[in-house]
Chemist: 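Pasting a structure below so you can have a look.
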Amino acid sequence: MFCRTITATLRTGRYVCQPSIITKTALKSTMAEAVGELGDGPPAPKKIKLDTPEFRSLFTPELEKLAELFKNYDHELRIAGGAVRDLMMGKKPHDLDFATTATPDDMKAMFDKEGVRMINAKGEKHGTITPRINDKENFEVTTLRIDKVTDGRHAEVEFTTDWRIDAERRDLTINSMFLDLDGTVYDYFNGKEDLEKRKVQFVGSPVARIQEDYLRILRYFRFYGRIAECADSHCPKTLQAIKANGKGLAGISGERIWMELRKIVSGNHAGSLMKYMYDQGIPQYMGLPKYGDVVEFQAVCNRAQMLNPKPVTLVSALLQDENDVINFDKRLKVSVEERKIAFFIVGHRNQTEVIEDRLKPYKDMLVMGLFKDKDTTTKITELLKYKGEAAMLEELQNWKIPKFPVSGNDLMKIGVKPSKKFGKQIDKLREVWKNTNFTATKEDLLKYAEEFKAGPSTEK
């Protein structure tokens, strides 16, 4: 008979329907297998007891009040995601995200009744309510949910009270654990084991998780750099899923991509991760050249790693020319300072110093550049980091920048009349000053400026 073969994840309500022709016997067999696999239901989560100084340090009076409110109204409340991962690694998390069985309406009614102010209503459609406790501390609390419909960027959600279902929609196993405020960790997908093995993998199907939000491709690489000890222990199936779905990054906003990319290039295994990203063909959808110079990127990462370069300094190694910088900026919408740094590095990285004082060209650029651009110090600093010039960088940072001794008022006092060329005259004096290695005095420069009084005919 004609029917549809339905592949269903019964726990989540996600369905993929594929038209086909099957017999009644085959249909009955397939359904029996599905039910048999589920048995009496999904396996219970692994439970681990956590009692560490980092965990105990979270309990501010505000958190204790929040916990008491949810308990009094018979709603479950647990710490979720990355904070649990960090605590399991012995780190105190920077941010706490909470999950709850209470719906947004439940939470609003509870907080209104208890006189608790709520802020930032934008997250409510996704189930997030943000109470401000004691007018001192904000907490983001999100209702357990199912992502019913996704387009790779956004999701339509349905609320649930099933912790496992919520865990299943999360990206990585190490981010899918929950922590009760009594110290019980609920681990549905072996997150603790993967964390101990420094293994980064998606929850369930990599393809399904990626297609729910294509930014998860970059989150995978970011967490690999953060968690993995070995640079080359990627799961082949994960890489295949990334390669097959990389084009989806084209629909992700530049700001979100740059936020992840900055962390990838600044983390561990950056050189190796960039090679894997290029091998999977994804940089072209992220504002980077299709054939970026990965060898140069790896070299810059190696020589600059102890100098704390800015992320854009490292990424500049992949950019061949100014057009690449323009495309990079247009796609990722980097800051003005970051754009300046990229243009500066691409324009000056091949400059060689053939004079005895190798630092002099940088001193000249610094002093003269500061007259026009307050970011000159940063640009030159990042260029030296890019080149791995630690000694020159230290010397430049300890160098006292000389002050130009002549002002416009000084010129007017000796009779130079202000005109449209007044600015060019000042610039000319600065060039004279630079050519004396910034040693010319005010008197020396004013003596040179006497020629300006003769009028336009003597000026070149």
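For this chain, numbers begin at 1 and follow the sequence in order.
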Chemist: Is R78 close enough and on-axis enough to Y186, meaning under 6.0 Å and within 45°, for cation-pi?
Modeler: yes
Chemist: Can you tell whether the side chains of K333 and D329 come within less than 4.0 Å, N to carboxylate O?
Modeler: no
Chemist: Flag the pair R256 and E260 as a salt bridge only when some basic side-chain nitrogen lies within less than 4.0 angstrom of an acidic carboxylate oxygen.
Modeler: no
Chemist: Y276 vs H234 aromatic rings, parallel, tilted or perpendicular, using cut-offs 30° and 60°?
Modeler: tilted
Chemist: What pairs with D194 under salt bridge (charged side-chain N to carboxylate O under 4.0 Å, His left out), at least two apart in sequence or on another chain?
Modeler: none
Chemist: If I compare all heavy atoms of R331 with all of M286, which pair ends up nearest, and what's the gap?
Modeler: CG-C, 3.8 Å
Chemist: Do S335 and E338 have side-chain atoms, one donor and one acceptor, less than 3.5 Å apart?
Modeler: yes
Chemist: How close do E389 and L307 get, heavy atom to heavy atom, and via which atoms?
Modeler: N-CD1, 4.4 Å
Chemist: Any carboxylate oxygen within less than 4.0 angstrom of a Lys/Arg side-chain nitrogen, looking at R339 and D375?
Modeler: no
Chemist: Do R132 and N138 have a side chain donor and acceptor closer than 3.5 Å?
Modeler: yes
Chemist: Cut-off 3.5 Å, side chains only: do T60 and E137 have a donor facing an acceptor?
Modeler: yes
Chemist: From T101 OG1 over to D166 CG, what is the distance, rounded to the nearest 0.5 angstrom?
Modeler: 11.0 Å
Chemist: Decide, yes or no, whether a salt bridge links K108 with E114 under the criterion of side-chain N to carboxylate O below 4.0 Å.
Modeler: no
Chemist: Output yes when K192 and E196 qualify as a salt bridge under the 4.0 Å nitrogen-oxygen rule, no when they do not.
Modeler: yes
